[in-house]
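To keep things clear, I will list the structure first and then write my remarks on it.
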Amino acid sequence: MVRLGAVSFATRHVGKAMLWHGVFVGVYAKMRGGAPGANESNASYSLDWEASGESFFDGFDFLPEDGNHGAADYVSSYADAQLAGVARISGSHAILRPGRRSTKAFKRMSPKIATKKSWKHFLAAVHFKHLPWGCGVWPSFFTLGVGEWPAAGEMDILEYVNDGTSMTSFHTSKECRLDEAKVNKYRSMPDANYKGNDNSNYNCLTKYCATCKSLGCAPNAMPFLTSQQLADRSGVVAMERTASFTKIFFIPSWAIPADLDAGRPRPEAWDQWIISYYPFGDSESTCPEPDDIMAKQKFMFQIGLCGDWASKVWGDSAVCSRMGPSFDETATKDKRFINSTSKPRRCRAVDPLAENAPEQDCCHQFITDADGDYRSAQYLHENAFFKIAWFKVFTTATPILRPLNASDL
């Protein structure tokens, strides 16, 4: 999804580079005449960075910008986050959740954080104990490239709205279509954005507007899990990014590998837990320069509220459309003005990319709950929170090089 606030931050603040790694990859690529190929495998990973315990938030910036036209009023510091009730340490876990109503109209305080550091090639793993879910909620755990969006790349690792299902997706402004056979080498992974991309399969090109049909590529293993199902399944979500591919894993808590627990992870043994696969290197004929499709990436957590996605699909949910004010389906289809101030209140599902009408929008009215009629604060407190045990990023200095082909010379 478009996150302009995060983009402006990424553009202004470039994290510390791992210079030795960048130089090594650059020299290696120059020797070969290109990036490391699709047959490269990695040497053992070792821990590069960790967020856990009382110092969990020390490695993150709190970002105040909202590029999604939603009801979230994001805080700008950990101190403000604590005051607003949107971030805290509870025992050995970090908690992120929406907080009190904002002083701004149709807004509620919420968290959006980004790692101070960024990485090019890595294995990242997060042990989630609980994931946010609920009507009006738009949670995401994703990476955002350092540079302009979407050219620097964005990988949505977990993302969903309301009571819908989660999926992963990748976004870029570069021409990149994944090879269908390679995408499905581990198991069937249909493109969840196929219809939204005007029946264009595994097309990662992304452009957002009210009439655009370029949503990015989204290969996902089936079945999709709903947000509530995800919330009830603690486990490790991991992402491996190499010069030639990206893998996303979900590993239940009972199956966390011993090598990960020991701090020497071997993700090549985790293939049974892959939920999404992006074979950029094996798609080079339709996805040129696969190692450059993603710049160095920061990791981000955010709990969006309403906005470009959650607001406009409010009426698609039989559960959400019965919460808050009375949903008017006809007014939604006709984009007809309704009197949303007199009680009993009525509302319609608004697409913020097409019109600015939070006072008419069902989602905004429910989430901000100006008169406390819908008990939204309690509903969000009980359901819409990240509970994180730890977050670790591993790197490797020396990739194992594949044999050179004649075409490499």
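Worth saying up front: this structure is predicted, and the values here are computed from it rather than measured. In what follows, residues are counted from 1 in the order of the sequence shown.
- Counting only distance, with no hydrogens or angles, the side chain of Glu240 and the backbone of Phe249 share no donor-acceptor pair below 3.5 Å.
- Side-chain atoms of Ser276 and Asn220 form no donor-acceptor pair, as typed in the model, at a separation below 3.5 Å.
- For the 3.5 Å distance criterion, the side chains of His127 and Ser253 qualify, holding a donor opposite an acceptor.
- Of all non-hydrogen atoms in Ser340 and Gln365, the two that sit nearest each other are CB-NE2, 3.4 Å.
- Among the candidates Lys335, Arg348, Arg336, the single residue satisfying the salt bridge (Lys or Arg N to Asp or Glu O under 4.0 Å) test with Glu355 is Arg348.
- Proximity of a side-chain donor or acceptor of Asn383 to a complementary backbone N or O of Tyr379 within less than 3.5 Å is detected.
- Remark: side-chain polar atoms of Asn339 are paired, donor with acceptor, to backbone N or O of Thr341 under 3.5 angstrom.
- Under the rule for a salt bridge (charged side-chain N to carboxylate O under 4.0 Å, His left out), Arg101 has no partner lying at least two apart in sequence or in another chain.
- Between the side chain of Thr165 and the backbone N or O of Thr226, no donor-acceptor pair lies under 3.5 Å.
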Worked verdict on Asp328 versus Arg346 for salt bridge (charged side-chain N to carboxylate O under 4.0 Å, His left out): CA-CA 7 Å; Asp328 190 322; Arg346 296 164 54 231; 2.5 Å; yes
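- Considering only residues two or more places apart in sequence or on other chains, Lys107 meets the salt bridge (charged side-chain N to carboxylate O under 4.0 Å, His left out) condition with Asp66.
- Here the two rings, on Phe386 and His130, have centers that are 6.0 Å apart or farther.
- Relative to the six-membered ring of Trp314, Lys312 misses at least one condition, a distance below 6.0 Å or an angle of at most 45° to the axis.
- Between Phe299 and Phe122, the ring centre distance stays below 6.0 Å.
- Ion pairing between Arg241 and Asp291 holds under the 4.0 Å rule for side-chain N and carboxylate O.
- Between the Ser76 side chain and the Leu63 main chain, no donor and acceptor come within less than 3.5 Å of each other.
- Within a 6.0 Å radius of CG in Asn356, other residues, nucleotides and ligands contribute 12 heavy atoms or fewer.
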Audit row: Phe170, Phe280, ring pair (Phe, Tyr, Trp, His ring centres under 6.0 Å) steps and yes/no: CA-CA 11 Å; Phe170 176 68; Phe280 299 117; 5.2 Å; yes
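- Rounding to the nearest 0.5 Å places CH2 of Trp119 at 11.5 Å from CZ of Phe394.
- Judged by distance alone, with hydrogens and angles left aside, the side-chain atoms of Asp156 form no donor-acceptor pair with the main-chain N or O of Leu158 at under 3.5 Å.
- Of the possible polar contacts, none joining the Ser169 side chain to the Cys217 backbone as a donor-acceptor pair under 3.5 Å is found.
- Considering all non-hydrogen atoms of both residues, Phe327 and Gly315 come closest at CZ-CA, 3.6 Å.
- Once rounded to the nearest 0.5 Å, the distance linking CG of Leu225 with OG of Ser166 reads 8.0 Å.
- The distance between the ring centers of Phe391 and Trp49 falls below 6.0 angstrom.
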Residue pair Cys135, Cys363: steps toward the disulfide (SG to SG under 2.5 Å) verdict: CA-CA 8 Å; Cys135 294; Cys363 186; over 6 Å; no
Candidate pair Cys204 and Cys287, rule disulfide (SG to SG under 2.5 Å), full reasoning: CA-CA 9 Å; Cys204 303; Cys287 187; over 6 Å; no
Test log, rule side chain to side chain contact (heavy atoms under 4.5 Å, CB included), inputs Thr206 and Ser214: CA-CA 5 Å; Thr206 304; Ser214 297; 5.6 Å; no
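- Between Phe62 and Tyr74 there is no side-chain heavy-atom pair separated by less than 4.5 Å.
- The backbone N or O of Ser376 lies less than 3.5 Å from a partner atom in the side chain of Asp369, making a donor-acceptor pair.
- For Trp138 and Glu159, the side-chain atoms include at least one donor-acceptor pair closer than 3.5 Å.
- Judged by the 6.0 Å and 45° rule, Lys247 forms a cation-pi pair with Phe245.
- Nearest heavy-atom pair, Trp133 versus Ala231, reported as atom, atom and distance to 0.1 Å: CD1-CB, 3.3 Å.
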Stepwise salt bridge (charged side-chain N to carboxylate O under 4.0 Å, His left out) check, Arg345 with Asp371: CA-CA 11 Å; Arg345 287 196 171 94; Asp371 299 325; 2.9 Å; yes
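- Atom-to-atom distance recorded for Arg97:CZ and Ile303:CD1 is 8.5 Å, nearest 0.5 angstrom.
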From CA spacing to verdict: ring pair (Phe, Tyr, Trp, His ring centres under 6.0 Å), Tyr208, Trp149: CA-CA 11 Å; Tyr208 289 134; Trp149 187 91; 5.6 Å; yes
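- Lys298 is not listed as a side-chain neighbour of Lys117, based on a closest heavy-atom distance of 4.5 Å or more.
- Closest approach of Trp390 to Leu260, counting heavy atoms only: CH2-CD2, 4.1 Å.
- For the pair Ser46 and Arg264, the tightest heavy-atom approach, listed with the atom from each and the gap, is CB-NH1, 3.2 Å.
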Verdict with reasoning, Met189 to Tyr277, per side chain to side chain contact (heavy atoms under 4.5 Å, CB included): CA-CA 8 Å; Met189 294 188 185; Tyr277 180 55; 3.9 Å; yes
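- Formation of a donor-acceptor pair under 3.5 Å by the Ser118 side chain with backbone atoms of Gln297 is not found in this model.
- Ring-plane geometry between Tyr374 and Phe366 is classed as tilted, the angle between the planes lying from 30 to 60 degrees on a 0 to 90 degree scale.
- Considering all non-hydrogen atoms of both residues, Arg108 and Pro98 come closest at CD-CB, 4.3 Å.
- With 3.5 Å as the limit, one finds a donor-acceptor pair spanning the side chains of Asn203 and Ser200.
- Ring geometry for Phe141 versus Phe301: interplanar angle under 30°, hence parallel rather than tilted (30 to 60°).
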Pair Tyr45-Arg266, side chain to side chain contact (heavy atoms under 4.5 Å, CB included): steps then yes or no: CA-CA 7 Å; Tyr45 284 100; Arg266 304 291 299 186; over 6 Å; no
CA sep, side-chain torsions, deciding dist, call: Leu205, Lys174, side chain to side chain contact (heavy atoms under 4.5 Å, CB included): CA-CA 6 Å; Leu205 182 67; Lys174 301 172 183 177; over 6 Å; no
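- Judged by distance alone, with hydrogens and angles left aside, the side-chain atoms of Asn193 form no donor-acceptor pair with the main-chain N or O of Gly196 at under 3.5 Å.
- Remark: of the listed residues Thr143, Leu123, Thr168, Val393, Thr143 is the sole one forming a side chain to side chain contact (heavy atoms under 4.5 Å, CB included) with Met239.
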Residue pair Lys185, Asp282: steps toward the salt bridge (charged side-chain N to carboxylate O under 4.0 Å, His left out) verdict: CA-CA 11 Å; Lys185 66 181 286 187; Asp282 279 334; 5.0 Å; no
Pair Lys104-Asp73, salt bridge (charged side-chain N to carboxylate O under 4.0 Å, His left out): steps then yes or no: CA-CA 8 Å; Lys104 302 174 184 176; Asp73 185 5; 3.4 Å; yes
